[in-house]
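We count ligands from 1, going down the list as the structure has it; atoms in each ligand are counted the same way. Just so it is clear, the values below take in all heavy atoms, side chains as well, and ignore hydrogens, waters and symmetry mates.
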Amino acid sequence: MENPQNQLKQALLQGKRQIGLWLTLGDATSAEICAAAGFDWLLIDGEHVPHSLDSVLAQLRAISGYPGTQAVARVPSADPVIIKQYLDMGVQSLLVPMVQSGEEAAAIVRACRYPPGGERGVGGARAARWGLIPDYLHKADEQIAIIVQVETRQALDDIDAIAGTEGVDGVFIGPADLSASLGHLGQPAHPDVAREILHVIDRIRTAGKAPGILTRDPEMLREATERGALLNAVGLDASLLAAQAQNLAKTHAVG
Ligand SMILES: O=C(O)C(=O)C[C@H](O)[C@@H](O)CO
């Protein structure tokens with residue numbers, strides 16, 4: 001059995017834009033429904049969703065039945081122990097929130113790599129198909145995509161160091177937190193925020209890394225894409241369900 005190729009990482013290296021959806025329901029069936037819908041990637045959100053490791057694993061398994069759709073998982077924090085658990089479950093594309101400096105980005109890269117290049121602990125696990133992938137320990141690092149999230153003023157101030165960190169594959173902008181940090185809480189499309197986002201995309205591209213963003217704002221999506229954003233999440237599962245459910249209820253409301 002071969003170590004699975006990370007198709008998302010390959011696509012980003014080739015400069016191919018990838019369209020994704022944020023999974024916030026924490027449920028394997030809804031993850032599978034979204035995988036069947038045909039997105040290039042789905043984000044299993046371990047930061048804001050009340051997940052257990054088991055529910056992350058169940059979603060990974062559900063998505064793995066759809067080879068055209070890649071799973072990305074967001075850890076709750078940059079804790080190396082949690083990163084190790086996600087990687088051991090078979091996550092190959094990792095999103096790490098709230099990265100503030102080049103030093104933090106370098107520590108995340110070390111947490112994702114086996115010695116001597118890093119500090120990932122060694123354990124037989126699903127990632128290695130319980131020992132059935134020959135030489136997994138020597139093949140794992142190259143298939144892991146490390147995507148760090150910048151979403152504060154402090155991170156923007158160190159963007160060149162963060163994006164320039166060896167081993168970082170992509171830098172993902174979080175407009176909700178960034179707008180809060182820039183003094184525009186709840187206004188991710190505020191012109192000041194939009195200006196910073198486009199500038200950051202330029203810096204990420206200059207560092208030779210893949211820029212990414214979650215935005216439901218069509219104008220922001222268009223501008224970010226034109227500037228070179230490659231990893232573009234365009235919606236959230238819960239919001240889709242909420243909007244459609246409300247529409248249907250309104251359509252059939254009596255009285
Ligand atoms: O700051 C952001 O934007 C993100 O990191 C994404 C949010 O966490 C997501 O939950 C949508 O609001």
Side-chain angles (χ1 to χ4, degrees), residues 18-27 30-31 34 39-51 55-56 59 71-79 82-83 86 91 93-101 104-105 108 145-159 162-163 168-201 203-204 209-225 227 229-243:
Q18 301 291 290
I19 299 299
L21 185 77
W22 225 250
L23 301 183
T24 66
L25 295 173
D27 179 77
S30 62
C34 296
F39 289 98
D40 298 314
W41 61 285
L42 296 172
L43 185 281
I44 302 169
D45 188 6
E47 185 192 13
H48 284 292
V49 176
H51 271 307
S55 63
V56 174
Q59 289 176 83
V72 181
R74 178 160 76 167
V75 283
S77 74
D79 183 338
I82 297 173
I83 289 176
Y86 273 55
V91 171
S93 298
L94 197 72
L95 181 65
V96 184
M98 287 286 177
V99 176
Q100 306 282 44
S101 66
E104 284 185 19
I108 290 161
I146 302 172
I147 306 154
V148 296
Q149 224 183 332
V150 291
E151 33 193 355
T152 62
R153 172 82 267 163
Q154 191 182 335
L156 299 199
D157 290 345
D158 211 25
I159 187 62
I162 294 172
V168 164
D169 297 286
V171 181
F172 199 92
I173 299 159
D177 280 308
L178 185 59
S179 56
S181 176
L182 297 180
H184 302 293
L185 179 65
Q187 302 175 74
H190 189 285
D192 292 349
V193 181
R195 200 169 34 249
E196 292 287 358
I197 287 173
L198 298 180
H199 172 68
V200 170
I201 292 173
R203 302 312 308 157
I204 300 165
K209 304 299 171 64
I213 189 167
L214 162 63
T215 180
R216 288 178 286 169
D217 182 278
E219 184 58 19
M220 172 49 69
L221 180 64
R222 188 187 60 75
E223 287 186 315
T225 303
R227 286 298 254 271
L230 291 177
L231 195 61
N232 297 342
V234 294
L236 296 89
D237 55 0
S239 306
L240 295 177
L241 181 59

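Ligand 1 has an N or O atom lying under 3.5 Å from an N or O atom of Ala176, backbone or side chain. For Glu47, no nitrogen or oxygen atom sits less than 3.5 Å from a nitrogen or oxygen atom of ligand 1, counting backbone and side chain alike. For ligand 1, the polar-atom distance check finds no N/O of Asp45 at less than 3.5 Å from any of the ligand's N/O atoms. Considering backbone and side-chain atoms together, Gly174 places an N or O closer than 3.5 Å to an N or O of ligand 1. Annotation: Pro175 places an N or O atom under 3.5 Å from an N or O atom of ligand 1; distance criterion only.
With Thr24 as the fixed residue, the side chain to side chain contact (heavy atoms under 4.5 Å, CB included) test singles out one of Val49, Leu43, Leu241: Val49. Just one of Asp237, Val72, Leu236 meets the side chain to side chain contact (heavy atoms under 4.5 Å, CB included) condition when paired with Leu23; it is Asp237.
Ligand-side atoms of ligand 1 in range of Glu151: 1 (O), 2 (C), 4 (C), 5 (O), range being under 4.0 angstrom from any heavy atom. With ligand atoms numbered from 1 in the order given, ligand 1 contributes 8 (O) to contacts under 4.0 Å with heavy atoms of His48.
The protein non-hydrogen atom at the shortest distance from atom 8 (O) of ligand 1 is Arg74 NH2, 2.9 Å. Remark: minimum distance from atom 1 (O) of ligand 1 to any protein heavy atom is reached at Asp177 N, 2.8 Å. Here the protein heavy atom with the shortest distance to atom 4 (C) of ligand 1 is Gln149 NE2, 3.6 Å.
Taking CG of Leu214 as the start and CZ of Arg74 as the end, the distance is 8.0 Å to the nearest 0.5 Å.
The aromatic rings of His184 and His190 lie parallel to each other, their planes meeting at an angle below 30°, with 60° marking the opposite boundary.
The two residues Asp158 and Ser101 have their closest heavy-atom pair at OD2-CA, 3.2 Å. Listed here is the closest heavy atom pair of Glu104 and Met98: OE1-O, 3.6 Å. The two residues Leu185 and Ala180 come nearest to each other via the heavy atoms CD1-CB, 3.6 Å.
With a heavy-atom cut-off of 4.0 Å, Leu214 touches ligand 1 through its side chain alone. Residue-level proximity to ligand 1 for Met98 is absent, since no heavy atom of it falls below 4.0 angstrom.
The backbone N or O of Asp192 lies less than 3.5 Å from no partner atom in the side chain of Glu196, so there is not a single donor-acceptor pair.
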